[in-house]
Amino acid sequence: KMEEPAMNKLSVLAVISVTVIGPSISFAKDEGKLPKGAVELSEQEVKDLYVGNSVKYDVGDGLVYYTWSADGTLKGVKVGKKKGEYGYADGTWTVTGNMFCFKSDWKNKAGDVVYVYQPCKAWWRVGKQKWTKNVSGDDQYNGDIYNNEIKKMSKGDKVTAMFDTAKASA
């Protein structure tokens, strides 16, 4: 009988930790300013962060994934919280200095553009950490400076495999 209360306590702690920790992982905390000694990433370093890789964003009503190709194109997929709810985008990206900009055209099933997302992010290095500033296109998050963008990124293309499903289901 001693195990039951311990299990309940553990379950409550698990729920609390998911509730408290979960959302904070999704949203970047604005640090306000770059740390002392921040060095701009080179154009090639910025390209290397994105090309052939993917990023995943929790956007509240689902997850958005992007992948960037060496030819300057991108693909995006949104997987909604409701089963079978998808969106898809294609677009382009550019790098100038330490600034990465992309334009994603989100489309409906007919292929009509229903939303355009066009942000620019600047990149710096402080020691081994990579820092990002939302320069434009991110509404209330413009100007935010943070160091967890890199944690949302992963090696390889995680989008193309989902793209056709999303396009057919949008």
Side-chain angles (χ1 to χ4, degrees), residues 17-32 41 43 45-96 98-125 129-170:
S17 69
V18 167
T19 305
V20 173
I21 295 168
S24 66
I25 292 168
S26 307
F27 302 102
K29 180 183 181 293
D30 180 16
E31 300 291 342
L41 291 187
E43 205 164 289
E45 287 174 309
V46 175
K47 283 180 185 175
D48 290 346
L49 289 176
Y50 289 95
V51 174
N53 296 321
S54 300
V55 68
K56 177 174 87 173
Y57 297 113
D58 183 335
V59 294
D61 62 345
L63 298 172
V64 170
Y65 301 83
Y66 285 104
T67 193
W68 294 271
S69 300
D71 66 359
T73 62
L74 67 82
K75 285 182 181 173
V77 169
K78 180 179 179 187
V79 180
K81 286 191 174 177
K82 294 182 187 132
K83 186 175 168 68
E85 185 180 63
Y86 292 99
Y88 74 100
D90 53 33
T92 57
W93 62 267
T94 60
V95 177
T96 306
N98 72 330
M99 183 89 64
F100 181 82
C101 299
F102 69 94
K103 178 179 181 251
S104 54
D105 295 321
W106 289 90
K107 299 178 179 180
N108 62 18
K109 201 168 194 156
D112 301 321
V113 176
V114 292
Y115 177 71
V116 176
Y117 180 53
Q118 196 166 355
C120 288
K121 298 174 181 294
W123 286 88
W124 289 266
R125 178 189 321 97
Q129 282 191 329
K130 301 227 175 26
W131 285 74
T132 313
K133 178 178 181 178
N134 293 337
V135 176
S136 63
D138 265 326
D139 302 325
Q140 74 267 31
Y141 303 109
N142 282 344
D144 283 7
I145 296 171
Y146 49 96
N147 68 353
N148 72 343
E149 180 78 2
I150 206 82
K151 292 176 184 161
K152 299 171 188 173
M153 301 173 106
S154 59
K155 295 254 181 246
D157 174 355
K158 311 280 192 294
V159 176
T160 299
M162 297 186 283
F163 192 79
D164 291 335
T165 301
K167 193 172 177 178
S169 307

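Numbers for residues simply follow the sequence, beginning at 1.
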Are any non-hydrogen side-chain atoms of [X] and [Y] less than 4.5 angstrom apart?
| X | Y | result |
| --- | --- | --- |
| Tyr50 | Asn53 | no |
| Val116 | Lys103 | yes |
| Tyr65 | Lys75 | no |
| Leu49 | Trp123 | yes |
| Thr73 | Trp93 | no |
| Tyr57 | Leu63 | no |
| Tyr117 | Asp138 | yes |
| Lys130 | Leu41 | yes |

State, to 0.1 Å, how close [X] and [Y] come at their nearest heavy-atom pair, and which atoms those are.
| X | Y | result |
| --- | --- | --- |
| Val79 | Met162 | CG2-SD, 4.3 Å |
| Ser54 | Gly156 | OG-O, 2.7 Å |
| Ala89 | Ser104 | CB-CB, 4.1 Å |
| Lys107 | Ala170 | O-CB, 4.1 Å |

Salt bridge or not for Lys82 and Asp61, using N-O below 4.0 Å? no

Could you tell me the separation between the [atom1] atom of [X] and the [atom2] atom of [Y], rounded to the nearest 0.5 Å?
| X | Y | atom1 | atom2 | answer |
| --- | --- | --- | --- | --- |
| Cys120 | Asn142 | SG | CG | 9.5 Å |
| Asp48 | Glu43 | CG | CD | 11.0 Å |
| Glu149 | Asn147 | CD | CG | 10.5 Å |
| Phe163 | Asp157 | CZ | CG | 10.5 Å |
| Asp105 | Asp90 | CG | CG | 6.0 Å |
| Met153 | Lys56 | CE | NZ | 14.0 Å |

For the residue pair Phe102 and Tyr66, is the inter-centroid distance of their aromatic rings smaller than 6.0 Å?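 Yes, ring centres under 6.0 Å apart.
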
Before you tell me yes or no, could you show the steps for Trp131 and Glu31 under side chain to side chain contact (heavy atoms under 4.5 Å, CB included), namely the whole-Å CA-CA distance, both residues' side-chain angles and the distance that decides it to 0.1 Å? CA-CA 10 Å; Trp131 285 74; Glu31 300 291 342; 3.5 Å; yes

Looking only at side chains, do Asp164 and Tyr88 share a donor and an acceptor under 3.5 Å apart?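 Side-chain D/A pair, Asp164 to Tyr88: absent.
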
Using distance alone, with no hydrogens and no angle criterion, decide if Lys121 and Asn134 have a side-chain donor and acceptor under 3.5 Å apart. yes

Is atom NZ of Lys133 surrounded by more than 12 heavy atoms (other residues, nucleotides or ligands) closer than 6.0 Å?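 Counting neighbours around NZ of Lys133, 12 or fewer heavy atoms of other residues, nucleotides or ligands fall under 6.0 Å, so no.
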
Heavy atoms of other groups near Lys158 NZ, more than 12 under 6.0 Å: yes

Sub-3.5 Å donor-acceptor pair from the side chain of Asn148 to the main-chain atoms of Lys151, do we have one? no

Keeping the roles fixed (side chain from Lys155, backbone from Gly52), state whether a donor-acceptor pair exists under 3.5 Å. no

Steps toward salt bridge (Lys or Arg N to Asp or Glu O under 4.0 Å) verdict (Lys152, Asp58): CA-CA 9 Å; Lys152 299 171 188 173; Asp58 183 335; over 6 Å; no

